[in-house]
Structures are given as structure tokens and as C-alpha cells.
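To find a chain, count down the sequence lines: A is the first, B the second, and so on, and within it residues start at 1.
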2 protein chains.
Amino acid sequence: MTAAATKYSRQRECIKEYLRSTREHPTADTIYMKVREVYPNISLGTVYRNLALLTEQGEIIKLSCGDGCDRFDGNTAPHYHFICRQCGRVIDLDMEPIEHINTIANAHFNGRVDGNITYFYGLCRECVPD
Amino acid sequence: MTAAATKYSRQRECIKEYLRSTREHPTADTIYMKVREVYPNISLGTVYRNLALLTEQGEIIKLSCGDGCDRFDGNTAPHYHFICRQCGRVIDLDMEPIEHINTIANAHFNGRVDGNITYFYGLCRECVPD
DNA sequence: ATAGTTGTAGTAACCATTACTATTATTGAT
DNA sequence: ATCAATAATAGTAATGGTTACTACAACTAT
């Protein structure tokens, strides 16, 4: 038996293209709505399966913000995320990754640290009172 | 109408005591199992309601590690968490909080950053190959 | 004691996600 | 281009963590 090859699929390509084109960090359901404009009878299961596959392949990133449902990001370059406590919006932060905290963590841990995820919290521009 | 006062409850106290006594970051279900040893017919709903209440009051911390279910931490002092990619264990990291990254984030963001959550990933001592 | 209010146990409902299955699309060889 | 092999899909059912609901019990102040 050989390893299962991944075949091309229009639906998967459409999902990927949409995630590449937006900076909105949509949920699976939002992606489903959007892709349905192109493939009206795509199944929600297909969306979930392809999101999992693309995440596994490193083509996209899954964000678990703790609001009950996962979000997805088509920008795989290392960057931080900000989550608004008021409106829940997820926004990219344009700042340099702080590399050395992995090193610090490793020095304080009996095991092997190879990465970290940081979410910043607060109020976004729309939600900050004047 | 006056604001609803919070009354004492043995079940809530037991949940809090258990979380104070462990460093295991248990899930709601694990907490349910444990508290049932003391109150055999406590309801799972009661556990969830009190975990939400204690979190809201700042008595405990809710951890959304992205593994499908939330975990809870009775240690409210600022500290980092490590999540093992292999066994999923959540372990406290004994290192100083890096305060200035909030300042850096604020300088790069059009809004107000007031905190951050960082999860470190890798392999724990048991899962690191020799 | 009693009325008023908060908390609980038990159960049903919810909702994001996953699993299942018959059918369709893609691929590589003829 | 046709064909067989196999991966992917659509549609639907099932799962599992969490929340909502309701009748009853416990606490508090008058």
C-alpha cells in the first residue's frame, strides 16, 4: 500500500483563495457562506475537511481564540493577533516576532519548547471610548 | 431591584478548593468526576455554572488551549503555560512574565492593548525521546 | 415561621465539529 | 479520448462539550 496522494479539488482551491484574499480571520461557517457564492451546493463538511487538510499542510493557520469556534488565517507568515474584548474582532498586529521568549522558556522548562502562540487582548479602535 | 447577591454554596467551594489544590489544569468533566467523590449527585450543569461564575469573579482562570475543551486553573498569579504536542498535558512554566510586550504591541496598534495570553508548545519531559 | 431569592439536580436543547455513505471528480495509464 | 482506480464531494446523521430550562431545596432577612 502506498501513501494516499492528495488530488486537486476546485472547492479546496476556492477556500484557499478566499483565505488568501481576506484579513478577516473568518470562521468555518463564514467561509462556507462565502464559498457557496461560487459553489452553491458545497457541503459544510467539505469546508471543515479542507480547512483541516490545509492546516495540516501548513497552507493556512487555525486560530483558537476561545470564543467557542475556530477561526482561520490565510497569512502563514509569523505575526501576532489582537482580539477585541468587546466586539470579538480578530486583527493582525504589525510587529516583529519576539524570538527570544522561546529560548527563555526553554531555559526554565524540563522538556523541549519549540514554539508559542500569543494573543493580545484589549479594545479595538472602534470600541475604544473617545 | 438590587444587584443579585452571590450566596455561599458547598458545591462551588468544593470546586474552588479542588482547583486550588492541583496543578493539573483539569477539564470541566474531570472536575465533575472529582467533586462527585464529595457530592455524589452534583450535576454537570452545576459544575459548568460555577466554573463560569468563578472565572467571572477572577477566582480561577479559563484556558482555551484549542484541543476542543476548556481547562481551568486555580492559580491566578500571572504565569505561562506549556502544552505538550504529544500528550496534550498542560504544565505551568516557572518564568518571569515579560511585561514589555504589551507596550510594544500598543505602539504598533491603533487601539488599546491591555493584556496577552501566551501558550508555549513542544514536547514535555515524558514525551521527549532520549 | 415566612416570604423572597439564590442555588441545585436532572434533563433537554444547542451548536460547532466529525463521521458515514453513495455518488462524483480527478488522475494516470492505455 | 476512454477507462479503471481512487480521492473528494454532497448530504445527512451522529458526536460531544456546553448551555438552557424547570421544579425543588437551601439560605437570608424581616
Side-chain angles (χ1 to χ4, degrees), chain A residues 1-19 25-57 59-73 83 88 90, chain B residues 1-19 25-57 59-73 83 88 90:
Chain A
M1 90 175 215
T2 63
T6 302
K7 289 184 179 173
Y8 173 89
S9 112
R10 289 170 278 188
Q11 291 89 336
R12 180 161 57 241
E13 205 58 25
C14 184
I15 290 168
K16 192 163 85 176
E17 284 312 306
Y18 169 51
L19 282 172
H25 313 89
T27 63
D29 202 64
T30 305
I31 296 166
Y32 173 55
M33 300 297 220
K34 190 70 184 183
V35 175
R36 224 163 29 155
E37 293 173 8
V38 184
Y39 300 102
N41 45 359
I42 190 173
S43 162
L44 186 54
T46 298
V47 173
Y48 273 104
R49 186 164 25 75
N50 281 309
L51 287 173
L53 184 57
L54 289 169
T55 300
E56 201 182 332
Q57 293 176 341
E59 295 277 354
I60 64 174
I61 288 171
K62 180 163 95 166
L63 305 175
S64 299
C65 315
D67 65 338
C69 60
D70 292 338
R71 291 167 174 277
F72 295 87
D73 191 342
I83 301 167
V90 179
Chain B
M1 86 166 217
T2 61
T6 302
K7 289 185 181 174
Y8 173 89
S9 112
R10 286 169 282 186
Q11 291 88 336
R12 178 161 57 243
E13 204 59 25
C14 184
I15 291 169
K16 192 163 83 176
E17 283 311 308
Y18 169 51
L19 282 173
H25 313 89
T27 63
D29 202 64
T30 305
I31 296 167
Y32 174 54
M33 299 296 220
K34 190 70 185 184
V35 175
R36 222 159 36 151
E37 294 173 7
V38 184
Y39 299 102
N41 45 358
I42 191 173
S43 162
L44 185 54
T46 298
V47 173
Y48 273 104
R49 184 163 29 74
N50 282 308
L51 287 173
L53 184 57
L54 289 169
T55 301
E56 201 181 332
Q57 294 176 340
E59 295 277 356
I60 64 175
I61 289 171
K62 181 163 93 166
L63 305 175
S64 300
C65 315
D67 65 338
C69 60
D70 292 337
R71 291 167 174 276
F72 295 88
D73 191 342
I83 300 166
V90 179

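- Judged as a side-chain contact (heavy atoms from CB on, under 4.5 Å), and not counting sequence neighbours, the contacts of A:Asp73 are A:His25, A:Ile61, A:Leu63, A:Asn75, A:His79, A:His81, A:Asp92.
- For the pair A:Leu53 CG and C:dT26 P, the computed distance is 16 Å after rounding to whole Å.
- Under the rule for a side-chain contact (heavy atoms from CB on, under 4.5 Å), the partners of B:Arg12 that lie at least two apart in sequence or sit in another chain are B:Thr6, B:Ser9, B:Asn50, B:Leu53, B:Leu54.
- By the neighbour-count criterion of 12 heavy atoms within 6.0 Å, atom CD of B:Gln57 is densely surrounded, having more than that number from other residues, nucleotides or ligands.
- Every residue was checked against the salt bridge (Lys or Arg N to Asp or Glu O under 4.0 Å) condition with A:Arg49, not counting sequence neighbours, and none meets it.
- As rounded to whole Å, 13 Å separates atom C1' of C:dA16 from atom CG of B:Asp70.
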Which atom pairs, donor and acceptor, lie under 3.5 Å between side-chain atoms of residues 28-38 of chain A and protein residues at least two apart or in another chain?
residue, atom, partner, partner atom, Å
A:Thr30, OG1, A:Thr27, OG1, 3.0
A:Tyr32, OH, A:Arg36, NH1, 3.2

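- Side chain of B:Ser43 to backbone of B:Gly45: a donor-acceptor contact under 3.5 angstrom is found.
- Closest to the side chain of A:Ala28, out of D:dA10, C:dA9, C:dT17, is C:dT17.
- As rounded to whole Å, 15 Å separates atom P of C:dC15 from atom CG of A:Asp67.
- Residues forming a side-chain contact (heavy atoms from CB on, under 4.5 Å) with B:Glu17 (at least two apart in sequence, or on another chain): B:Glu13.
- The side-chain contact (heavy atoms from CB on, under 4.5 Å) check on A:Thr55 picks up A:Ile60, A:Lys62, A:Phe72, with sequence neighbours excluded.
- The separation between B:Gln57 atom CD and C:dG7 atom C1' is 13 Å, rounded to whole Å.
- Base engagement by B:Thr46 is indicated by at least one non-hydrogen atom pair under 4.0 Å involving a base atom.
- As judged by a 4.0 angstrom heavy-atom cut-off over every strand, B:Thr27 is placed among residues making no nucleic acid contact.
- Between C:dA9 and B:Gln11, a contact under 4.0 Å exists linking OP1 or OP2 to a side-chain N or O.
- Remark: B:Tyr48 is in phosphate contact with D:dT18, judged by side-chain N or O atoms under 4.0 Å from OP1 or OP2.
- For the pair A:Asn50 CG and D:dT9 C1', the interatomic distance rounds to 9 Å; values are reported in whole Å.
- Computed from C1' positions of five pairs at each end, the angle between the two local axes of the helix from C:dA1-D:dT30 to C:dT30-D:dA1 equals 30°, rounded to 10 degrees.
- Taking all atoms of both residues into account, the shortest heavy-atom contact from A:Leu51 to A:Ile15 is CD2-CG2, 3.8 Å.
- The distance between atom OH of B:Tyr32 and atom C1' of D:dG17, rounded to the nearest whole Å, is 14 Å.
- By the side-chain hydrogen bond (donor to acceptor under 3.5 Å, both in side chains) test, A:Gln11 pairs with no residue at all, sequence neighbours left out.
- Backbone-only engagement by A:Ile42 is indicated by non-hydrogen atom pairs under 4.0 Å involving sugar-phosphate atoms exclusively.
- Put simply, CD on A:Glu13 is 13 Å from P on D:dA8, counting in whole angstrom units.
- Residue-level contact check: A:Asp29 touches neither bases nor backbone, having no heavy atom under 4.0 Å from any strand.
- Among all heavy-atom pairs drawn from A:Gly88 and A:Arg71, the shortest one is O-NH2, 4.1 Å.
- Between D:dG11, C:dT8, D:dA8, one nucleotide has an atom nearer to the side chain of A:Asn41 than all others, and that is D:dG11.
- One interatomic measurement links the two molecules: CG of B:Leu44 to C1' of D:dG16, which rounds to 11 Å at whole-angstrom precision.
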Report all interatomic pairs (protein N or O, nucleotide N or O of nucleotides 26-30 of chain D) with separations under 3.5 Å.
residue, atom, partner, partner atom, Å
D:dC27, O2, B:Lys7, NZ, 3.1

Tabulated below should be each protein N or O lying under 3.5 Å from an N or O of nucleotides 20-23 of chain D; please produce it.
none

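- Applying the side-chain hydrogen bond (donor to acceptor under 3.5 Å, both in side chains) test to B:Tyr48 and every residue at least two apart in sequence or in another chain returns nothing.
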